[in-house]
Amino acid sequence: MGAAERALWSLSGLVVLALAWAGGHAAYGPFVLPRPDETVATAFDLVGSGAAGAAVLATAGQALLGWAIGLGIGLALAFPAGFLAPLGLAARPVATLLVAMPPVAWIVLALIWFGPGGGADAFTVAVTVAPMLFGAALQGLASRDPALDEMAAQFRAPPLVRLTDVIAPQLLSHLAPAAGAALGFSWKVCVMAEVMASGAGIGGQLAIARAHLDLPATFAWLLILVALALLSDTLLLWPLRRRTAAAR
Amino acid sequence: MSLTFAGVSLAFGAEPVLSGIDLTVAAGEFVVLLGPSGCGKTTMLRLASGALKPGRGTVTSGFARAAVVYQTPRLLGWMDALDNAAFGMKSLGVRRAERRERARAILMRLGLAEADLAKRPSRLSGGMAQRVAFARALAVEPDFILMDEPFAALEAGLRRRLQDLVRAETERSGVAALFVTHDVAEATRLASRIVVLSARPGRIVADFANAPAREAAEAFEAAAALLRRSDVAAAINAAGGEEF
């Protein structure tokens, strides 16, 4: 399948979604689903007038900071757990337990501990994605090819060369999809925390729009959020995916 | 400089793999370890490389730098052929420009084309990949090279070409070699000395000098003569009639 055909098929999914949305609007009226074109226009107005800037910056800052901290914690814990078997065995059930914790529970705890605006959003994101990324990194380390480790040892490769040339590329093939899923999760959890705290970001604007029963604005903020999630995924993870695809 | 096995025995769990191995590989020798499948040849090679420790006895190496060529190339899938061939040099701290230049020269000498150098392993044929692995070993300028049936998966014609290449390169550099195979004709084609192992648990049943055969017919004649030796025939019989 050529690139143009692939792009057409990808676009077709979005067209079907837009048609379903328009159908829903026609069937249930503007109090359930606003008109797609009206929503898009509202979103452009919010962005174009600069009204969205502060909210976007606040949410992006907290979501990306939390994701980066979660990634750092996940990786920092995965390496000792991956190379020291007892530590790995001890850490796995803890990670499973933390993955099972609902993010909303962390949000409540974070609001109690830090208060609204005290970094509760980034904390919630970090604590939610860290165990996911830890598990993926641990899996990547565990499933690396021992024959390549033996080869590197035979050539007396120093630890840094083993890390960059042998271990990291194998780790990335497991970590890249998990990092993508975690990034998507980061935006959702961050906005959820902002809604609950009536914070300054997109979540806070959603809470205001809900209070005013302003459906076009609610959907417009959601459109902006989805666009941000797609943009961050493209900018942060596309180079990683390209690298892992090339390795395959 | 030499590699010495002194009274080496090894068991994996309760199963003995090698028994009472005494062997010395001297500088410049091309020793081929020949034996039936599962007799412990690869285990001996891993002992020689330091990847395994003996259960009993000692393995001591006076060689300064050993390199291994494995049965599968063990190339890094995310690097091109040139960087794969340069990997050993990178481990030694050779600067990027210099190691790539040296790797390029060796790869070209081993028969790769300029266009092949930028290919990743998934785009190389089996023979090409094994040449890259051989280049990676040669590039660190070893004084001892260990090869574990490196051509077992290749078709006969390509195998002969690569055998000639290995022989030429080892003669050129004077490097000592320990080569594992269960192919008798391959042994007679490459070895300056052939060491025959019995079936598991492997022990040395024959150890003799060999003049490397230069042509295929000569290699097969030498192989036939080798199989008719009483000590080799006895080893084959002990292995339940399984030929090498």
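Chain letters run A, B, ... following the sequence lines, proteins first, then strands; residues in each count from 1.
- A 4.5 Å side-chain heavy-atom check between B:Phe144 and B:Arg65 finds every atom pair outside the cut-off.
- Under 4.0 Å is where a charged nitrogen must lie from a carboxylate oxygen, and between B:Asp207 and B:Arg193 at least one such pair does.
- Side-chain atoms of B:Lys41 and B:Thr181, non-hydrogen and from C-beta on, never get closer than 4.5 Å to each other.
- Ionic pairing of B:Lys119 and B:Asp116 is present here: one or more N-O contacts between side-chain nitrogen and carboxylate oxygen are shorter than 4.0 angstrom.
- Among B:Gly88, B:Ala51, B:Ser49, B:Pro142, the residue with the largest count of heavy-atom pairs under 4.5 Å with chain A is B:Ser49.
- For A:Ala153, no part sits under 4.5 Å from any heavy atom of chain B, backbone or side chain.
- The shortest side-chain heavy-atom distance between B:Leu18 and B:Leu47 falls under the 4.5 Å cut-off.
- In this structure, the portion of B:Val140 lying under 4.5 Å from any heavy atom of chain A is its side chain and not its backbone.
- Taking the ring axis of B:Phe134 as reference, the NZ or CZ atom of B:Arg131 does not stay both within 45° of it and closer than 6.0 Å to the ring centre.
- At a heavy-atom separation below 4.5 angstrom, chain B is approached by no residue within residues 63-73 of chain A.
- The pair B:Arg99-B:Asp83 does not count as a salt bridge, with every side-chain nitrogen at least 4.0 angstrom from each carboxylate oxygen.
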Donor-acceptor contacts, no H, no angles, side chain residues 146-153 of chain B, under 3.5 Å, sequence neighbours left out:
residue	atom	partner	partner atom	Å
B:Asp148	OD1	B:Thr42	OG1	3.0
B:Asp148	OD2	B:Thr42	OG1	3.2
B:Glu149	OE1	B:His182	ND1	2.9

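- Proximity to chain A (any heavy atom under 4.5 Å) is shown, for B:Met89, by neither the backbone nor the side chain.
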